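For clarity, every value in this text was computed on a predicted model and none was experimentally measured. So that the names make sense, note that chain A is the first sequence line, chain B the second, and so on, each numbered from 1.
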Number of protein chains: 2
Amino acid sequence: MTTTKKAPKYQKIKQYVLQGIASHNFIDGVPSENQLAEKFAVSRMTARRALDDLEREGSVERIPGKGTFVRRSGHYTQGFFRVRPFRKWAEDLGADLRTEVLESRVVDPPEEIAETLRYSGQMIRLCIINYLNDMPVRYAVRYLRADQCADILWENLAENSIHDILINKYRLPLTRISQCMTAVGLPENLSDLFGEKPGYPVFYFQRTVYSCESPVTYVEYFMRGDMAFKDTFTPMLEAGDFHPETS
Amino acid sequence: MTTTKKAPKYQKIKQYVLQGIASHNFIDGVPSENQLAEKFAVSRMTARRALDDLEREGSVERIPGKGTFVRRSGHYTQGFFRVRPFRKWAEDLGADLRTEVLESRVVDPPEEIAETLRYSGQMIRLCIINYLNDMPVRYAVRYLRADQCADILWENLAENSIHDILINKYRLPLTRISQCMTAVGLPENLSDLFGEKPGYPVFYFQRTVYSCESPVTYVEYFMRGDMAFKDTFTPMLEAGDFHPETS
DNA sequence: CAGTGGTCTAGACCACGTC
DNA sequence: ACGTGGTCTAGACCACTGC
């Protein structure tokens with residue numbers, strides 16, 4: 001259900017290139033359009049279509065006359081933000097909020113997640129999608145330590161807040177939240193879920209939640225780019241923040 | 001210098017469609033790929049390329065078997081954020097900040113701007129681009145009331161903060177800032193400026209700055225999507241904000 | 001010079017929605 | 001049955017880069 005029904009040829013090419021990037025091949029350049037076309041026995045336009053997508057999704061960079069290259073990110077940081085709890089937000093809007101649990105199981109965590117949560121044992125992985133008035137607006141992948149809250153697998157996560165459960169059932173006071181937001185193109189594998197093309201602009205969040213300085217859960221999610229963040233405030237001279245002395 | 005050097009045919013088609021959208025034609029559907037191909041005497045693939053771009057940039061929506069339609073935005077709001085002053089941000093990074101003024105002149109404001117600033121006289125329009133370590137990261141268009149600060153045209157805006165000037169020279173205390181952020185695809189006309197393809201994910205900000213409840217300046221800007229917003233905070237039960245009771 | 005990506009053509013078949 | 005968008009082909013010319 002996640003992939004397109006007819007499996008276009010350019011999808012296979014995209015997969016091939018993405019895997020190659022992940023395996024750190026292609027460090028001095030992705031195969032050229034002609035090479036890909038030959039390798040997959042397709043026309044150059046089709047190979048090109050695959051690279052077009054990858055470029056729009058930010059995976060590769062093309063330089064005319066030279067070739068196609070893996071893109072590096074280069075993160076700066078630029079400000080801060082707060083995110084309102086999803087349920088509260090929907091309430092205020094008077095909008096209909098629906099939550100679906102797409103996956104809920106025990107996994108061996110990827111290395112970065114193990115590092116982030118400082119725990120290398122098994123984890124619970126939850127994939128959740130939120131709809132607002134039947135429009136998919138947020139897709140979240142969450143990791144929790146299996147030793148801390150294995151029973152969460154049996155909770156009704158579509159109806160109850162995960163934070164509620166962590167606090168009230170597992171007695172984990174949530175004391176700190178650390179998060180990062182960027183704007184990215186919608187990844188290919190979420191295209192169907194959101195009903196948008198790969199590359200559609202979305203917010204990408206990465207959040208770690210701590211209980212008493214110990215990381216409890218990591219969640220990353222993609223949210224439609226047209227979900228607006230709004231703010232009105234008074235620019236007082238507070239803590240090196242937005243204030244009149246500077247631009 | 002802003003447009004591509006060879007002026008591809010699909011650009012003209014994009015322009016045509018965008019103008020049609022702005023003129024509120026196409027309310028019941030953009031011309032089909034075949035119609036556009038015939039009208040512009042190009043192959044269908046070329047007309048299609050134009051619509052591909054417009055779709056990725058969020059202007060139109062395609063429905064297989066039905067047609068291509070103008071996209072409506074449908075803004076919700078989702079949280080809030082703060083943006084650090086650009087100069088301060090660059091300082092902290094130890095990065096090299098460069099500012100270029102691309103345009104600086106007196107104009108008759110578009111209607112929305114006149115409404116936002118509650119002033120229908122002439123305005124000063126500033127187009128500014130910021131580079132961080134020689135990478136273009138932010139493009140801003142700013143409007144100011146010509147009757148309030150016409151002389152700002154003669155200031156060295158590349159070196160001095162506009163807010164500084166407003167406060168210190170024009171004695172306009174900035175008392176309130178109201179802003180909105182979404183994620184959008186990079187508009188076509190900024191593609192060259194940023195060195196990214198149209199559709200590249202960027203943050204889009206709209207901000208109105210007030211002095212004593214009177215709007216003083218409106219600025220909108222596009223910022224690279226890989227400029228991260230980061231935040232670490234304690235989720236206390238404050239003013240309906242992020243707190244443990246909810247998701 | 002050969003190779004790259006950027007654009008373009010004039011066809012084609014398919015799945016889907018409307019009538 | 002017809003029009004729509006989605007995919008695909010096998011060519012083509014161009015501008016640019018590197019050698």
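- B/K14 has its NZ atom 10 Å from the P atom of C/dT7, to the nearest Å.
- Taking the ring pair (Phe, Tyr, Trp, His ring centres under 6.0 Å) definition, one finds that B/Y204 meets it with B/F222, sequence neighbours left out.
- Sorted by first then second residue, the ring-ring contact (aromatic ring centres under 6.0 Å, His included) pairs that include residues 38-63 of chain A, not counting sequence neighbours, are A/Y16-A/F40.
- Distance CD (A/E33) to P (D/dA12): 17 Å, rounded to an integer number of Å.
- For B/D28, there are no salt bridge (Lys or Arg N to Asp or Glu O under 4.0 Å) partners two or more places apart in sequence or in a different chain.
- Rounded to an integer number of Å, the gap from B/L54 CG to D/dG5 C1' is 15 Å.
- By the salt bridge (Lys or Arg N to Asp or Glu O under 4.0 Å) test, B/R62 pairs with B/E33, B/D52, B/E55, sequence neighbours left out.
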Pairwise N/O distances under 3.5 Å, protein to nucleotides 1-3 of chain C:
residue : atom : partner : partner atom : Å
C/dG3   : N2   : A/G65   : O            : 3.1

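- Protein atom CG of B/D52 is 8 Å distant from nucleotide atom P of D/dG6, rounded to whole Å.
- Looking at residues two or more places apart in sequence or on another chain, you find no ring pair (Phe, Tyr, Trp, His ring centres under 6.0 Å) involving B/Y131.
- When only modelled atom types and interatomic distance are considered, A/T99 and A/N130 share a side-chain donor-acceptor pair under 3.5 Å.
- Atom CG in B/L36 sits about 10 Å away from atom P in D/dT4, given to the nearest Å.
- The distance from atom CZ of B/R48 to atom C1' of C/dA12 is 14 Å, rounded to the nearest whole Å.
- At most 12 heavy atoms of other shown residues, nucleotides or ligands fall within 6.0 angstrom of atom CD in B/E38.
- Protein atom CZ of A/R62 is 15 Å distant from nucleotide atom C1' of D/dA15, rounded to whole Å.
- The phosphate of C/dG5 (OP1 or OP2) has a side-chain N or O of A/T68 nearer than 4.0 angstrom.
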Are there any protein N/O atoms within less than 3.5 Å of an N/O atom in nucleotides 8-11 of chain C, and if so, which ones and at what distance?
residue : atom : partner : partner atom : Å
C/dC8   : OP1  : B/K9    : N            : 2.3
C/dT9   : OP1  : B/K9    : NZ           : 3.0
C/dT9   : OP2  : B/S43   : N            : 2.8
C/dT9   : OP2  : B/S43   : OG           : 3.2
C/dT9   : OP2  : B/T46   : OG1          : 2.5

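- Residues meeting the side chain to side chain contact (heavy atoms under 4.5 Å, CB included) test with A/P64, sequence neighbours left out: none.
- Taking atom CD1 on B/I63 and atom C1' on D/dG3, their separation rounds to 15 Å, with Å as the unit.
- For A/E103, the salt bridge (Lys or Arg N to Asp or Glu O under 4.0 Å) partners are A/R105, A/R125, not counting sequence neighbours.
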